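Structure record follows, encoded as structure tokens.
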Amino acid sequence: MVSEQTPLTLEAELQADKECTRVLRNFHTHLIQQDTDPVVAGSLAQGTDYFLRDFLISACRCSIFTPHRDCVKQFAGNWYIVNNLEPSAEELQPVLQGVAVFYEFLAERNEVDAKLAAQIRSDCDNIDWFKKRLEAFWNIEGDGYFQWRAECPLPATST
């Protein structure tokens, strides 16, 4: 299990990353055992991997089992947009689908609270909100970035 503590050192982050790999492999295996098409299972796991490793573990430095309340909105409504050359709803949607299914998988195994999984599912399903955030980003003029960012701020990290 990935540590409940915030990974503050490189060693702790590497350990969290290693354990994340194990959990993702279990998730992928579960999907295959549920007769999910292998290509779909791979896509769901790959999208989840991006969210977990690049955002939760590396950028936010938090456990995949105890993400902050607005993690999906912060990921898709800010971090994803500013960390990709050509962010798009089409690229984002399968990532969010994988994240939602992953947290439902963890809830079924009692590794996260069912309410957390439901919150994440609800946020992942709100693709129209993300499209509006993306559109607002492309329409930024002057110093409007600061207002755009303030509407969906990223969590403070303790680095």
Side-chain angles (χ1 to χ4, degrees), residues 2 4 6-7 13 16-17 20-21 23-24 26-28 30-31 34 36-37 39-159:
V2 177
E4 296 288 331
T6 303
E13 186 172 341
D17 185 74
C20 184
T21 299
V23 174
L24 283 167
N26 290 341
F27 172 55
H28 184 261
H30 168 78
L31 293 172
Q34 298 297 311
T36 304
D37 178 271
V39 173
V40 172
S43 176
L44 293 171
Q46 181 180 13
T48 304
D49 180 59
Y50 178 55
F51 172 77
L52 297 178
R53 289 180 205 252
D54 291 6
F55 181 66
L56 284 184
I57 293 173
S58 187
C60 298
R61 299 189 167 288
C62 73
S63 168
I64 66 172
F65 297 102
T66 57
H68 44 282
R69 175 173 162 62
D70 292 324
C71 65
V72 171
K73 286 185 176 182
Q74 292 168 335
F75 166 74
N78 185 326
W79 188 89
Y80 165 79
I81 295 170
V82 300
N83 284 285
N84 285 277
L85 289 175
E86 296 184 35
S88 72
E90 293 76 25
E91 180 182 66
L92 181 61
Q93 195 161 7
V95 173
L96 295 177
Q97 182 181 9
V99 170
V101 173
F102 176 75
Y103 277 95
E104 289 167 349
F105 163 75
L106 292 181
E108 289 171 8
R109 298 173 59 147
N110 295 316
E111 295 189 54
V112 299
D113 184 74
K115 288 181 183 179
L116 172 64
Q119 164 83 40
I120 288 173
R121 163 59 73 186
S122 177
D123 288 345
C124 287
D125 286 345
N126 195 357
I127 197 70
D128 288 337
W129 183 83
F130 301 117
K131 286 179 181 178
K132 289 176 185 171
R133 288 286 298 160
L134 185 56
E135 183 179 320
F137 177 77
W138 290 122
N139 291 326
I140 290 173
E141 293 181 2
D143 64 356
Y145 174 75
F146 300 104
Q147 179 181 347
W148 177 87
R149 186 179 64 185
E151 290 170 359
C152 184
L154 294 175
T157 58
S158 50
T159 55

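What you see is a predicted model, and the numbers here were worked out from it, not measured in a lab.
- Annotation: side chain to side chain donor-acceptor pair (under 3.5 Å) contacts of Gln93 (sequence neighbours excluded): none.
- Here the closest heavy-atom approach between residue Cys71 and residue Leu56 is recorded as CB-CD2, 4.1 Å.
- Residues satisfying the salt bridge (charged side-chain N to carboxylate O under 4.0 Å, His left out) criterion with Arg53, sequence neighbours excluded, are Asp17, Asp49.
- Closest approach of Val72 and Cys124 over heavy atoms only: CG1-SG, 3.9 Å.
- Put simply, the side chain of Val95 reaches to within 4.5 Å of the side chain of Phe75, judged on heavy atoms.
- Here salt bridge (Lys or Arg N to Asp or Glu O under 4.0 Å) pairs that include residues 128-137, with residues two or more places apart or in two chains, are Arg133-Glu151.
- Residues that satisfy the side chain to side chain donor-acceptor pair (under 3.5 Å) test with Asn126, not counting sequence neighbours, are absent from this structure.
- Between Arg121 and Val101, the closest side-chain pair of non-hydrogen atoms falls below 4.5 Å.
- With Asn78 contributing its side chain and Pro153 its backbone, the two residues share no donor-acceptor pair below 3.5 Å.
- The two atoms that bring Ile120 and Pro67 nearest to each other are CD1-CG, 4.4 Å, heavy atoms only.
- For the pair Thr48 (side chain) and Gly98 (backbone), a donor-acceptor distance under 3.5 Å is present.
- Residues passing the side chain to side chain contact (heavy atoms under 4.5 Å, CB included) test with Glu86: none are found, sequence neighbours excluded.
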Open item on the list: One pair to check against side-chain contact (heavy atoms from CB on, under 4.5 Å): Val82 and Tyr145. What are the steps and the verdict?
Closed with: CA-CA 11 Å; Val82 300; Tyr145 174 75; 3.9 Å; yes

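- For the pair Phe65/Glu111, a side-chain contact is recorded, criterion being any heavy-atom separation below 4.5 Å from C-beta on.
- Applying the salt bridge (charged side-chain N to carboxylate O under 4.0 Å, His left out) criterion to Asp70, with sequence neighbours excluded, gives no partner residue.
- Taking 4.5 Å as the limit, some side-chain heavy atom of His68 sits within range of a side-chain heavy atom of Cys60.
- Closest of all the heavy-atom pairs between Leu134 and Ala89 is CD2-N, 3.8 Å.
- Side-chain contact between Leu31 and Phe105 is absent, with no heavy-atom pair separated by less than 4.5 Å.
- Tyr50 meets the side chain to side chain donor-acceptor pair (under 3.5 Å) test with Asn84; sequence neighbours excluded.
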Task: Derivation of the side-chain contact (heavy atoms from CB on, under 4.5 Å) call for Phe51 and Leu96 - done: CA-CA 8 Å; Phe51 172 77; Leu96 295 177; over 6 Å; no

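- By the 4.5 Å heavy-atom criterion applied to side chains, Trp79 and Cys152 are not counted as neighbours.
- Screening residues 106-125 for ring-ring contact (aromatic ring centres under 6.0 Å, His included), with sequence neighbours left out, gives no hits.
- Taking the side chain as every heavy atom from C-beta outward, Leu92 and Ile81 never approach each other to under 4.5 Å.
- For the residue pair Lys73 and Asp123, the shortest heavy atom distance occurs at CE-OD1, 3.6 Å.
- Residues meeting the ring pair (Phe, Tyr, Trp, His ring centres under 6.0 Å) test with Phe102, sequence neighbours left out: Phe27.
- Of all heavy-atom pairs spanning Pro155 and Gln74, the tightest one is CD-OE1, 3.3 Å.
- In this structure, the side chain to side chain donor-acceptor pair (under 3.5 Å) partners of Tyr80, at least two apart in sequence or on a different chain, are Glu91.
- Shown here are the side chain to side chain contact (heavy atoms under 4.5 Å, CB included) partners of Asp113, two or more places apart in sequence or in another chain: Lys115, Leu116.
- Between Val23 and Cys20, every side-chain heavy-atom pair lies at or beyond the 4.5 Å cut-off.
- Here Phe137 pairs with Trp148 under the ring pair (Phe, Tyr, Trp, His ring centres under 6.0 Å) rule; sequence neighbours left out.
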